[in-house]
Amino acid sequence: MAEKIVMSLGGSVISGNPVNIPYIEKFSRQVSKLEASGIGIVVGGGKIARDYILPLRKKGVTEFVLDMLGIEITRVNALLVASIMGIKGSSIPGDVETAAVMLERDGLAVMGGTEPGHTTDAVAMLLAERVSSRIMINISNVDGVYDRDPSKNKDAKLLERLDYDTAMKLSLVPKGGAGPNVFLDPVSITIARRSGIDVYVISGRDLTQLERILEGKTFHGSIISDH
Ligand code: UTP
């Protein structure tokens, strides 16, 4: 039987001004061609979330409230994606268990964030763990994992394969807080490591890399795994 696949769809690739409807339609067409027994999509907050979070942080709003604000935006984005993917109604699962039941029943579940303290990547990893998916595909504006920050080092090298420990070291940033923009947060890597979930990190820019992964071809990006 075909397996289940979970994806984390970064808000940065779908939202912005204007909202990228053609992109979501193309994503939806690609996903519908997939021979999977179930698909889970967790949508991020992107620029809109950061546009709310950053100025409010300067006003002294607590990280908890900023996270809650981010979660609201991810849920708005999730409703956008769910609607374009043909899911009827306006109810977006608010927790991983509800999304997992929906995924197992309907073959498709679209959700956003759940609780403060992590990102939608961690939610996607928990959903992957809950439904026994062996892979999680992280689609964002980061095109892979680099050995150092590519925005600061022009010699930074893309790592095509890396283990969980290396990913953890590279993911730990000096200061966390709401609205971070790294390839994966440490919580996600901890969950991937404990359940041996292979994590694909690809850019969502034109969906070419997603298509290549789904067709079993070589792709530009990184795989985090211990084998
Ligand atoms: P994300 O950081 O997951 O969205 O959520 P993103 O930036 O679109 O994701 P990537 O990096 O491109 O994949 C936006 C913010 O919402 C809060 C966090 O503050 C997060 O940075 N959030 C999200 C939570 O607190 N809990 C969640 O479960 C999800």
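Whatever order the structure lists ligands and atoms in, that order sets their numbers, starting from 1.
- To the nearest 0.5 Å, atom OG1 of residue T166 and atom CD1 of residue I224 are 9.5 Å apart.
- In summary, the side chains of H227 and D163 do not present any donor paired with an acceptor at a separation below 3.5 Å, with no hydrogens or angles considered.
- Those atoms of ligand 1 that come under 4.0 Å of a heavy atom in G46, given as number and element, are 4 (O), 6 (P), 7 (O), 8 (O).
- The atoms of ligand 1 that sit less than 4.0 Å from any heavy atom of S12 are 8 (O), 12 (O).
- Defined by atom type and a distance below 3.5 Å, a donor-acceptor pair is missing between the side-chain atoms of T114 and D95.
- Using a 3.5 Å distance cut-off with no hydrogens or angles, the side chains of N77 and T74 do not pair a donor with an acceptor.
- When heavy-atom distances to ligand 1 are checked against a 4.0 Å cut-off, T119 comes that close through both its backbone and its side chain.
- Applying the 4.0 Å criterion to heavy atoms of R50 picks out, from ligand 1, the atoms 7 (O).
- If you look at H118 next to ligand 1, the close heavy atoms, those under 4.0 Å, come from the backbone and the side chain alike.
- In this structure, F219 places its CZ atom where more than 12 heavy-atom neighbours from other residues, nucleotides or ligands lie under 6.0 Å away.
- Looking at ligand 1, you'll find an N or O of G11 within less than 3.5 Å of one of its N or O atoms.
- The environment of R148 atom CZ is dense: over 12 non-hydrogen atoms of other residues, nucleotides or ligands sit within 6.0 angstrom.
- Salt bridge D206/K26: absent, no basic N to carboxylate O contact under 4.0 Å.
- Remark: among candidates V142, D67, L69, the nearest residue to atom 25 (O) of ligand 1 is D67, based on non-hydrogen atoms.
- At under 3.5 Å, a nitrogen or oxygen of E115, whether backbone or side chain, sits near a nitrogen or oxygen of ligand 1.
- Nearest-residue assignment for atom 3 (O) of ligand 1 (options T114, T120, I71, V187; heavy-atom criterion): T120.
- The distance from ligand 1 to the heavy atoms of V123 drops below 4.0 Å at these ligand atoms: 28 (O).
- Counting atoms of ligand 1 from 1 in the listed order, those under 4.0 Å from a heavy atom of G45 are 4 (O), 5 (O), 6 (P), 8 (O).
- Residue G113 approaches ligand 1 through these ligand atoms, each under 4.0 Å from one of its heavy atoms: 27 (C), 28 (O), 29 (C).
- By the 4.0 Å N-to-carboxylate-O rule, E211 lies too far from K217 to be salt-bridged with it.
- Under 4.0 Å is where a charged nitrogen must lie from a carboxylate oxygen, and between E215 and K33 no such pair does.
- By the criterion of a heavy-atom distance under 4.0 Å, the side chain of T74, and not its backbone, is placed next to ligand 1.
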